[in-house]
Amino acid sequence: MPSDQIRAFVNLASGSGEAARAALEEFGGFDVAPCEPGQLDRQIERAVRDGAERVVVAGGDGTIAKAAAALVGKETALAVVPGGTLNHFAKDHGIPTDPVKAAELSATGSTTMTDVATVNGRVFLNTSSVGAYVVFVRTRER
């Protein structure tokens, strides 16, 4: 796929975002831009409008979910370079956690479908939690 049809956005604040950025740049062929999760949907909308056939997102599960929400119902494919701390989505979908291998797959791999769901109008991919689990995650992060 020509590089002008693949846009890559990296959440540099994610757990291993810098390694993901370096891998995308090392592999080459990507138009790589940093992203703030709050602006990611706008960046993706612009990439889709500009004709991107594939959007690569490097970040954690939250960043990936935000990207997926922006692409629901669109023809543009989402590719993932795990850049988070736990990378549940990537692991569940057989995406290599090694950033160089994931970057290569992002450029050359075939696309598949995945399920999405919504809770209160918010798209989620691999988990949606309330109650004690949320408290445990926040405690872990502190």
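Worth knowing before you read on, the calculation uses all heavy atoms, side chains too, and leaves out hydrogens, waters and symmetry mates. Because the structure is a prediction, the values reported are computed rather than measured.
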Q: Answer yes or no: are there more than 12 heavy-atom neighbours, outside E36 itself, under 6.0 Å from its atom CD?
A: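 Open: at most 12 neighbouring heavy atoms sit under 6.0 Å from CD of E36.
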When rounded to the nearest 0.5 angstrom, what distance separates [atom1] in [X] from [atom2] in [Y]?
X: D92; Y: N87; atom1: CG; atom2: CG; value: 10.5 Å
X: E75; Y: R54; atom1: CD; atom2: CZ; value: 13.5 Å
X: S16; Y: R21; atom1: OG; atom2: CZ; value: 12.0 Å

Q) Does one hydrophobic cluster hold both L78 and L105, with members joined at side-chain heavy-atom distances below 4.5 Å? A)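 The answer is no; the residues belong to distinct hydrophobic clusters.
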Q) Mind checking whether V56 and L12 sit in one hydrophobic cluster, side chains of I, L, V, M, F, W, Y counted as touching below 4.5 Å? A)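 Yes, because V56 and L12 connect within a single hydrophobic cluster, where side-chain heavy atoms sit under 4.5 Å apart.
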Under 3.5 Å, side chain of [X] to main-chain N/O of [Y], donor-acceptor pair present?
X: S14; Y: G83; result: yes
X: Q43; Y: P34; result: yes
X: T63; Y: N11; result: no
X: D61; Y: F89; result: yes

Validation row: [X], [Y] side chains within 4.5 angstrom (heavy atoms):
X: K91; Y: T97; value: yes
X: L125; Y: I64; value: yes
X: S106; Y: V80; value: no

Please name the pair of heavy atoms, one in [X] and one in [Y], separated by the smallest distance, quoted to 0.1 Å.
X: R7; Y: A47; value: CG-CB, 3.7 Å
X: V100; Y: A23; value: N-CB, 3.6 Å
X: L71; Y: A77; value: CD1-O, 4.2 Å
X: G17; Y: V10; value: O-CG1, 3.4 Å
X: F27; Y: A107; value: CE2-CB, 3.5 Å
X: P96; Y: A102; value: O-CB, 3.4 Å

Q: Indicate yes or no: does E45 engage R49 in a salt bridge with an N to O separation below 4.0 Å.
A: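 Not counted as a salt bridge, because no side-chain N and carboxylate O are separated by less than 4.0 Å.
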Got a list of side-chain donor-acceptor pairs under 3.5 Å for residues 109-121, not counting sequence neighbours?
residue : atom : partner : partner atom : Å
T114    : OG1  : H93     : NE2          : 2.9

(Q) Side chains of Q39 and R42 only: does a donor on one sit below 3.5 Å from an acceptor on the other? (A)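 R42 and Q39 do have a side-chain donor-acceptor pair below 3.5 Å.
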